[in-house]
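Here's the structure, in structure tokens; my notes come after.
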Amino acid sequence: MSNSASQKKERTLAEPFRIKMVEPLKMTTEAYREEKLKEAGYNTFLLQAEDVYVDFLTDSGTGAMSDTQWAGMMLGDESYAGAKSWNKLEKVVKDLTSMPYVLPTHQGRAAERILYGILGGTGKVFISNTHFDTTRANIEFTGATAIDIVEEHDENDHENMSFRGNIDLIKLVQLIEKCGPENVAAVIMTVTNNSSGGQPVSMANMKSAREICNRYGLLMVIDGCRIAENSYFVKHKEPGYGRHTCKSIAQEMLALGDAFIMSAKKDGMVNMGGLLTLRDEELSRKCINMLIISEGFTTYGGLSGRDMEALAIGLVEVFDEGYLHYRIKSTAFLGEGLKAKGIPVVWPIGGHAVYIDAGKLFPNIPVDQYPGHVLACALYTKGGIRCVEVGSVMFGKHDKDGKLIPAKRELVRLAIPRRVYTQSHIEYVLDVFDDILEMQNETKGYKIVYEPPFLRHFTARFEQL
Ligand code: F0G
């Protein structure tokens with residue numbers, strides 16, 4: 001809520017919603033959580049969700065639906081073909097994307113499997129500001145190569161703070177020339193750029209990427225599961241957009257793409273769902289074939305009628321300016337609060353998550369004792385907070401002598417579910433960090449005692465050193 005001009009102190013960031021139904025949370029003690037974490041092999045993925053107080057593991061599929069969405073669920077038309085709910089969803093998506101072909105899928109990676117399965121193959125190259133993990137996996141699975149070229153900045157370069165999710169346009173041209181445009185299957189713009197700290201992409205960057213794609217005759221895909229959050233950043237940080245609505249900014253950006261992939265579990269404001277939309281008829285025919293073989297008929301794909309109703313409503317609600325203001329400010333409040341306490345955070349704060357540099361927070365813990373993992377475990381035992389390590393547990397590899405090749409940085413992501421936690425929960429999380437700061441001279445980390453061959457962070461087990 002805005003202040004009147006005469007007041008100086010900023011008011012508390014109050015939720016633009018009130019609560020109609022509550023989900024009770026189990027209140028646990030530190031001793032209880034220590035026991036549970038030990039039982040889970042010190043892997044927070046293996047905890048029972050009911051033993052978690054604030055779950056910041058992901059913002060994907062973890063949001064709360066509105067009363068209007070729940071009411072919409074009752075209107076779900078479950079007809080196999082031509083359901084009313086499908087017509088509603090298709091209309092909303094076409095209005096947003098201006099793309100004529102809309103394919104509903106059960107989640108984002110199903111859309112990725114369909115599109116990249118068709119575009120990919122051995123010898124093909126995909127270039128992106130940053131491929132999300134499942135995007136990369138779906139591309140590499142076809143034998144193609146995925147290359148990330150996010151624009152790099154010096155962390156202390158405060159001049160160019162605003163759009164750190166941008167693709168490096170110079171490298172883009174160089175790479176296309178080097179690989180040969182005939183081998184480049186697509187340029188993928190991820191907005192916001194999840195794996196680079198949830199940082200936004202500017203309209204100017206998107207337009208330039210479009211021009212480069214036009215010059216070389218390349219397909220531009222927008223991976224836009226956080227397109228509404230990105231639009232808020234464009235409105236408030238990019239010159240010339242202050243008077244535009246976030247929805248019109250999203251429309252302008254999506255109009256630049258040839259294809260749009262959306263995990264609806266984020267800005268779709270639903271717990272499950274995905275979309276693939278296309279401009280080209282021939283490509284859409286191929287994708288529709290794969291949709292029917294692997295997901296479902298064209299008018300429901302991987303979704304039930306009630307899911308399509310909820311998504312059609314969610315895609316409208318997410319562009320509510322009051323909601324988006326609250327959403328981005330709430331994430332920033334957490335990030336700025338942590339920074340003020342002296343916690344090293346990735347700066348500036350992105351849209352859906354705050355990233356903490358645990359390597360800097362725990363300088364005495366060597367990378368092969370996993371400082372990010374130390375923080376993730378401590379946040380759970382101290383405060384019942386669950387988050388995800390994005391460092392050497394997730395991305396570390398071993399050399400031939402079994403020595404750890406560490407990740408670039410030892411980060412921890414606190415991803416914030418939409419409309420789930422209140423400002424008091426965020427303040428509680430900030431309080432828990434006071435206990436974390438007391439552990440800064442900690443010297444002991446963890447060792448891995450079991451790990452599977454792939455994606456070890458999900459099921460690895462650890463022991464405290
Ligand atoms: N693209 C991006 C940018 C994503 O962040 C995700 C999921 C996907 C694609 C895949 O979508 O999960 O519906 O299949 N991100 C989640 C996360 C898992 O925690 O960041 P999905």
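Just follow the structure's listing: the first ligand is 1, and inside any ligand the first atom is 1. Given the structure is predicted, the values throughout are model-derived calculations rather than measurements.
- No donor-acceptor pair under 3.5 Å is formed between the side chain of Thr190 and the backbone N or O of Asp223.
- Taking a cutoff of 4.0 Å between a charged side-chain nitrogen and a carboxylate oxygen, Arg33 and Asp51 do not qualify as a salt bridge.
- The shortest contact between atom 10 (C) of ligand 1 and any protein heavy atom is with Thr134 OG1, 3.4 Å.
- Residue Thr130 comes nearest to Ser196 through the heavy atom pair OG1-OG, 2.9 Å, listed as atom of the first residue, atom of the second, then distance.
- The closest protein non-hydrogen atom to atom 1 (N) of ligand 1 is Asp223 OD2, 2.9 Å.
- Closest approach of Arg461 to Ala40, counting heavy atoms only: NH2-C, 3.7 Å.
- Nearest protein heavy-atom contact of atom 21 (P) of ligand 1 is Gln107 NE2, 3.3 Å.
- Between the side chain of Gln69 and the main chain of Met269, a donor-acceptor pair closer than 3.5 Å is present.
- For atom 7 (C) of ligand 1, the nearest protein heavy atom (residue, atom name, distance) is Lys266 NZ, 2.6 Å.
- The distance from ligand 1 to the heavy atoms of Arg413 drops below 4.0 Å at these ligand atoms: 17 (C), 19 (O), 20 (O).
- Ring centers of Phe395 and His457: at least 6.0 Å apart, outside the cut-off.
- If you look at Arg109 next to ligand 1, the close heavy atoms, those under 4.0 Å, come from the backbone and the side chain alike.
- Each of the following atoms of ligand 1 lies closer than 4.0 Å to a heavy atom of Glu112: 1 (N), 9 (C).
- A side-chain donor-acceptor contact under 3.5 Å links Asp148 to the backbone of His131.
- Ligand 1 places these atoms under 4.0 Å from at least one heavy atom of Cys225: 2 (C), 3 (C), 4 (C), 5 (O).
- Under a 4.0 angstrom heavy-atom cut-off, Arg226 registers as being in contact with ligand 1.
- The distance from the OG atom of Ser208 to the CD1 atom of Ile170 is 11.0 Å, given to the nearest 0.5 Å.
- Nearest protein neighbour of atom 18 (C) of ligand 1, counting heavy atoms only, is Phe132 CZ, 3.8 Å.
- Near Ser263, the atoms of ligand 1 lying under 4.0 angstrom from a non-hydrogen atom of the residue are 11 (O), 13 (O), 21 (P).
- Close approach of ligand 1 to Thr190 (heavy-atom distance below 4.0 Å) involves ligand atoms 3 (C).
- Of all the atoms in ligand 1, the ones that sit under 4.0 Å from a non-hydrogen atom of Lys265 are 13 (O).
- Salt-bridge check for Glu229 with Lys266: failed, with every basic side-chain N at 4.0 Å or more from each acidic carboxylate O.
- Of all atoms in ligand 1, listed by their number and element, those nearer than 4.0 Å to a heavy atom of Gly108 are 11 (O), 13 (O), 14 (O), 21 (P).
- Atom 20 (O) of ligand 1 has Asn194 ND2, 2.8 Å as its closest protein atom, hydrogens excluded (heavy atom only).
- Close contacts of ligand 1 with Thr58, meaning ligand atoms under 4.0 Å from a residue heavy atom, involve 17 (C), 19 (O).
- Less than 6.0 angstrom separates the ring centroid of Tyr80 from the ring centroid of Tyr300.
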